[in-house]
Amino acid sequence: AIGLAQLEKAGEFRKERQRCAQYYYDNLSDFEVIDLPLCKVAPEDHAWHLFPVIIKSEAPVSRNDFITMMSDSGVGTSVHYRPLHRMSYYKKTYRLDNNNFPETEKIWNGTVSLPIYPELEESQLNYICHSIKTILGKK
């Protein structure tokens, strides 16, 4: 019953997450120390279940320090999708070495997912973007 009730709201939830994603694009796209996700489909065709950004190596703080500083500012972030070569099964079975995947490592070491959920208000999105800019050096 709960699932069916939520399913009825799925379209509206997706639309609200798209609104959040657009806010991030509008407010962070000119910020050179992060890469925003590339959207290969029309925005209305994207699920927007995550909004992963890449903190570039030239940023003043590492991804892990960024996560800590965002948390200290009251903003929760997440790290998703560890690369296969870092997962214990693949690492052991195929004797994978992180050094053999330099581009994947570069992306993995910088990727963090920003909050994106239907209830985020514009003032909260503004605070998140302001926090990002303050931590990464653009005020």
Side-chain angles (χ1 to χ4, degrees):
I2 294 172
L4 289 174
Q6 291 297 92
L7 191 57
E8 291 175 6
K9 301 176 185 176
E12 186 61 30
F13 289 165
R14 194 219 55 80
K15 183 178 173 184
E16 288 300 308
R17 288 191 308 273
Q18 179 182 336
R19 174 188 57 80
C20 297
Q22 190 60 55
Y23 193 94
Y24 288 138
Y25 282 116
D26 291 345
N27 288 275
L28 300 173
S29 63
D30 65 340
F31 200 20
E32 295 181 9
V33 296
I34 61 173
D35 282 333
L36 301 179
L38 298 176
C39 187
K40 304 276 186 177
V41 297
E44 60 274 8
D45 292 334
H46 198 292
W48 301 112
H49 78 292
L50 294 175
F51 197 86
V53 300
I54 300 171
I55 309 296
K56 294 181 181 179
S57 59
E58 60 265 24
V61 299
S62 69
R63 185 241 351 235
N64 292 344
D65 289 342
F66 174 80
I67 290 168
T68 299
M69 295 169 85
M70 288 292 282
S71 179
D72 291 346
S73 296
V75 179
T77 57
S78 301
V79 176
H80 293 92
Y81 307 128
R82 184 174 0 152
L84 287 177
H85 70 273
R86 285 184 159 265
M87 294 183 180
S88 58
Y89 171 80
Y90 295 99
K91 191 172 205 62
K92 290 176 186 173
T93 302
Y94 300 105
R95 298 183 184 152
L96 301 177
D97 181 352
N98 295 348
N99 295 320
N100 291 335
F101 303 92
E103 290 302 309
T104 303
E105 283 294 300
K106 181 174 132 185
I107 292 169
W108 160 249
N109 287 320
T111 301
V112 59
S113 295
L114 301 180
I116 187 164
Y117 54 93
E119 296 82 12
L120 269 174
E121 297 175 7
E122 186 169 334
S123 62
Q124 294 169 306
L125 288 161
N126 183 57
Y127 180 77
I128 293 166
C129 290
H130 175 76
S131 298
I132 291 168
K133 291 176 180 182
T134 299
I135 290 167
L136 295 177
K138 182 177 182 178
K139 300 178 183 182

Legend entry - Shortest non-hydrogen contact between His49 and Ile116, atoms and distance: O-CG2, 3.9 Å
Inset, instruction - Could you check if a side-chain atom of Leu120 sits within less than 4.5 angstrom of a side-chain atom of Pro118, using non-hydrogen atoms only? - result: no
Inset, instruction - Determine whether Leu125 and Phe13 fall in the same hydrophobic cluster, where Ile, Leu, Val, Met, Phe, Trp and Tyr are linked whenever their side-chain heavy atoms lie under 4.5 Å apart. - result: no
Inset, instruction - Decide yes or no for Arg86 and Phe101: does some side-chain heavy atom of the first lie under 4.5 Å from some side-chain heavy atom of the second? - result: no
Legend entry - Residue pair Tyr24 / Leu36: nearest heavy atoms and the distance that separates them: O-CD1, 4.2 Å
Inset, instruction - May I ask whether Met87 and Tyr81 are part of the same hydrophobic cluster, defined by side-chain heavy atoms of I, L, V, M, F, W, Y residues being less than 4.5 angstrom apart, directly or through others? - result: no
Inset, instruction - Taking atom CD of Glu119 as the centre, report whether more than 12 heavy atoms of other residues, nucleotides or ligands fall under 6.0 Å from it. - result: yes
Legend entry - Heavy-atom side-chain proximity of Arg14 to Glu44 below 4.5 angstrom: yes
Legend entry - Geometric cation-pi criterion Arg63 and Trp108, 6.0 Å radius, 45° cone: yes
Legend entry - Nearest-0.5 Å distance, NE2 of residue His130 to CD1 of residue Ile135: 9.5 Å
Legend entry - Ring centres under 6.0 angstrom apart (Tyr25, Phe51): yes
Inset, instruction - Kindly work out whether a path of hydrophobic side-chain contacts (I/L/V/M/F/W/Y, heavy atoms less than 4.5 Å apart) joins Leu136 to Ile54. - result: no
Legend entry - Minimum heavy-atom distance between Pro52 and Thr111, given as atom pair plus value: CB-CG2, 4.0 Å
Inset, instruction - Look only at the side chain of Trp48 and the backbone of Pro43, and say whether a donor-acceptor pair between them is shorter than 3.5 Å. - result: yes
Legend entry - Heavy-atom neighbours of Lys91 NZ exceed 12 at 6.0 Å: yes
Legend entry - Over all atoms of both residues, closest heavy-atom pair of Ile34 and Ile55: CG2-CD1, 3.6 Å
Inset, instruction - Answer yes or no: is there a donor N or O on one side and an acceptor on the other, between the side chain of Tyr23 and the main chain of Cys129, under 3.5 Å? - result: no
Inset, instruction - Could you tell me whether a side-chain N or O of Lys133 sits under 3.5 Å from a main-chain N or O of Phe31, the two making a donor and an acceptor? - result: no
Legend entry - Exercise: identify the closest heavy-atom pair between His80 and Ser113: ND1-OG, 3.0 Å
Legend entry - Heavy-atom side-chain proximity of Leu114 to Leu28 below 4.5 angstrom: yes
Inset, instruction - Using a strict 4.0 Å threshold on nitrogen-to-oxygen distance, state whether Arg19 and Glu122 make a salt bridge. - result: no
Legend entry - Main-chain N/O of Lys9 paired with Glu12 side-chain donor or acceptor, under 3.5 Å: no
Inset, instruction - Flag the pair Thr104 / His85 as yes when at least one side-chain heavy-atom distance between them is below 4.5 Å, and no otherwise. - result: yes
Inset, instruction - Determine whether Val79 and Val53 fall in the same hydrophobic cluster, where Ile, Leu, Val, Met, Phe, Trp and Tyr are linked whenever their side-chain heavy atoms lie under 4.5 Å apart. - result: yes
Inset, instruction - Show your reasoning for whether side-chain contact (heavy atoms from CB on, under 4.5 Å) applies to Phe66 and Ile132. - result: CA-CA 8 Å; Phe66 174 80; Ile132 291 168; 3.8 Å; yes
Legend entry - same_hphob_cluster(Tyr117, Met70) at 4.5 Å side-chain heavy-atom cutoff: yes
